[in-house]
Amino acid sequence: MSEVAKVRKEICLLAKSLFDRGLTCGSSGNISARLSDGTLLMTPTGSCMGFLEPERISHLDCDLTLLSGDRPTKELPLHTAFYDTREGTGAVVHLHSSYSVALSMLPDVDPDDVLPPLTPYSIMRLGKVKLLPFFLPGDPAMGEAVRALGGSRSAVLLANHGPVVADKNLWSAVYAMEELEETAKLAILTHKAHPTKLTSDEVAKIQAAFPR
């Protein structure tokens, strides 16, 4: 099986898993992966992640010309911003997952580090997650905002929209996205309870042991 065929199948498998567990719905969300030759595979525009067909996954060359499959997601500039600025990025996942979106709308979150330090795992898998302002869906300015970070963040949360995570491959990007959503869920559930958070010293030790 060719690399293109293999990764197309993996995108469909992981996308369906996310859809089946309610982490994305309708035609929301998109996934991309960079192949060894530098070309990109990307979920098509307007597609439902629960019902993707491998042969319809968009295949783009290094100049973003469509080689095969359907037309790619309108969030293409958002994905390419991570590939162009963050060395080693092999996949990007963008969802509209409920708890992450809810967290992005709270007035008292830290925009430079939107996830509170509740468990070590979000720090290990994501580092600091930057809250970006609201953009119209498909606005290339989203990609420009990611580029302005200079590759310093592997994950961002788009206000009133949803999270975006980049990682070394499809599986690790999906795992990191799941961790982001679970931490956002914990943050929402404990928001009014004033939970005991990890101390700054504990966070520093985690960051030193698991650098992002």
Side-chain angles (χ1 to χ4, degrees), residues 14 17-19 21-25 28-31 75 78-79 81-82 85-86 88-89 91-135 137 141-212:
L14 291 168
S17 173
L18 293 168
F19 179 85
R21 288 177 289 145
L23 294 174
T24 187
C25 63
S28 69
N30 31 80
I31 297 177
E75 308 290 16
L78 181 61
H79 288 250
F82 279 102
T85 62
R86 190 168 175 84
T89 295
V92 176
V93 179
H94 168 44
L95 299 180
H96 299 173
S97 45
S98 297
Y99 285 99
S100 297
V101 176
L103 186 65
S104 80
M105 296 186 286
L106 296 184
D108 55 349
V109 298
D110 180 357
D112 191 56
D113 192 8
V114 68
L115 293 179
L118 298 175
T119 75
Y121 304 105
S122 65
I123 300 166
M124 292 161 56
R125 290 196 179 276
L126 299 156
K128 289 185 176 182
V129 178
K130 180 79 171 180
L131 178 65
L132 296 180
F134 173 75
F135 299 96
M142 283 189 285
E144 295 168 11
V146 170
R147 289 178 189 277
L149 299 175
S152 62
R153 303 297 177 95
S154 67
V156 299
L157 182 55
L158 301 167
N160 303 78
H161 186 159
V164 193
V165 173
D167 217 313
K168 60 185 178 180
N169 59 52
L170 273 170
W171 292 87
S172 59
V174 168
Y175 293 158
M177 176 61 81
E178 292 170 336
E179 196 63 54
L180 196 161
E181 176 67 4
E182 284 301 305
T183 304
K185 182 177 181 179
L186 285 173
I188 294 293
L189 293 175
T190 62
H191 182 59
K192 297 297 185 181
H194 307 292
T196 301
K197 300 175 184 178
L198 296 171
T199 66
S200 57
D201 182 59
E202 290 167 335
V203 170
K205 288 179 179 177
I206 296 166
Q207 291 171 332
F210 302 93
R212 293 296 302 170

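Quantities reported herein were computed from a predicted structural model and do not represent experimental measurements.
Leu158 CG to Ser104 OG: the interatomic distance, rounded to the nearest 0.5 Å, is 8.5 Å. The CE atom of Met177 sits 6.5 Å away from the CG atom of Leu180 when rounded to the nearest 0.5 Å. Between Leu106 atom CG and His191 atom NE2 the span is 5.0 Å, to the nearest 0.5 Å. From Ile188, atom CD1 reaches atom CE of Met105 across 8.0 Å, with rounding to the nearest 0.5 Å. Rounding to the nearest 0.5 Å places CD1 of Ile206 at 8.0 Å from OG of Ser122. Residue Leu132 holds its CG atom at 12.0 Å from CD of Glu144, rounded to the nearest 0.5 Å.
Between the side chain of Ser154 and the backbone N or O of Leu126, at least one donor-acceptor pair lies under 3.5 Å. Here the side chain of Gln207 pairs no donor or acceptor atom with the backbone of Ile123 at under 3.5 angstrom. Between the side chain of Thr190 and the backbone N or O of Ala193, no donor-acceptor pair lies under 3.5 Å. In terms of modelled atom types and a separation under 3.5 Å, the side chain of Thr85 and the main chain of Gly150 share no donor-acceptor contact.
Between Phe134 and Ala159, the shortest heavy-atom contact is CD1-O, 3.5 Å. Nearest heavy atoms, Asp167 versus Arg125: OD2-O, 4.3 Å. Here the shortest heavy-atom pairing between Leu157 and Pro163 reads CD1-N, 3.6 Å. Minimum interatomic distance between Phe19 and Cys25 (heavy atoms only, all atoms of both residues): CE1-CA, 4.1 Å. Between Val92 and Ala166, the shortest heavy-atom distance links the atoms CG2-CB, 4.1 Å. Smallest separation of non-hydrogen atoms from Leu103 and Val109: O-CG1, 3.6 Å.
Counted within 6.0 Å of OH on Tyr121, heavy atoms from surrounding residues, nucleotides or ligands total 12 or fewer; the atom is thus considered open.
Under the salt bridge (charged side-chain N to carboxylate O under 4.0 Å, His left out) criterion, Glu182 pairs with no residue, sequence neighbours left out. With sequence neighbours left out, the side-chain hydrogen bond (donor to acceptor under 3.5 Å, both in side chains) criterion links Ser200 to no other residue. For Lys205, the salt bridge (charged side-chain N to carboxylate O under 4.0 Å, His left out) test picks out Asp201, with sequence neighbours left out. Under the side-chain hydrogen bond (donor to acceptor under 3.5 Å, both in side chains) criterion, Thr24 pairs with Ser28, sequence neighbours left out. Residues passing the salt bridge (charged side-chain N to carboxylate O under 4.0 Å, His left out) test with Arg153 are Asp112, sequence neighbours excluded.
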Worksheet entry | Test side-chain contact (heavy atoms from CB on, under 4.5 Å) applied to Val114 and Lys130, step by step | CA-CA 6 Å; Val114 68; Lys130 180 79 171 180; over 6 Å; no

Fill in: Stepwise side-chain contact (heavy atoms from CB on, under 4.5 Å) test for Leu18 and Glu178
CA-CA 9 Å; Leu18 293 168; Glu178 292 170 336; 4.2 Å; yes

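Applying the ring-ring contact (aromatic ring centres under 6.0 Å, His included) test to pairs two or more places apart or on separate chains, those with a residue in residues 152-188 are His94-His161, His96-His161.
Proximity of Pro195 to Leu118: side-chain heavy atoms (C-beta onward) are separated by under 4.5 Å at one or more points.
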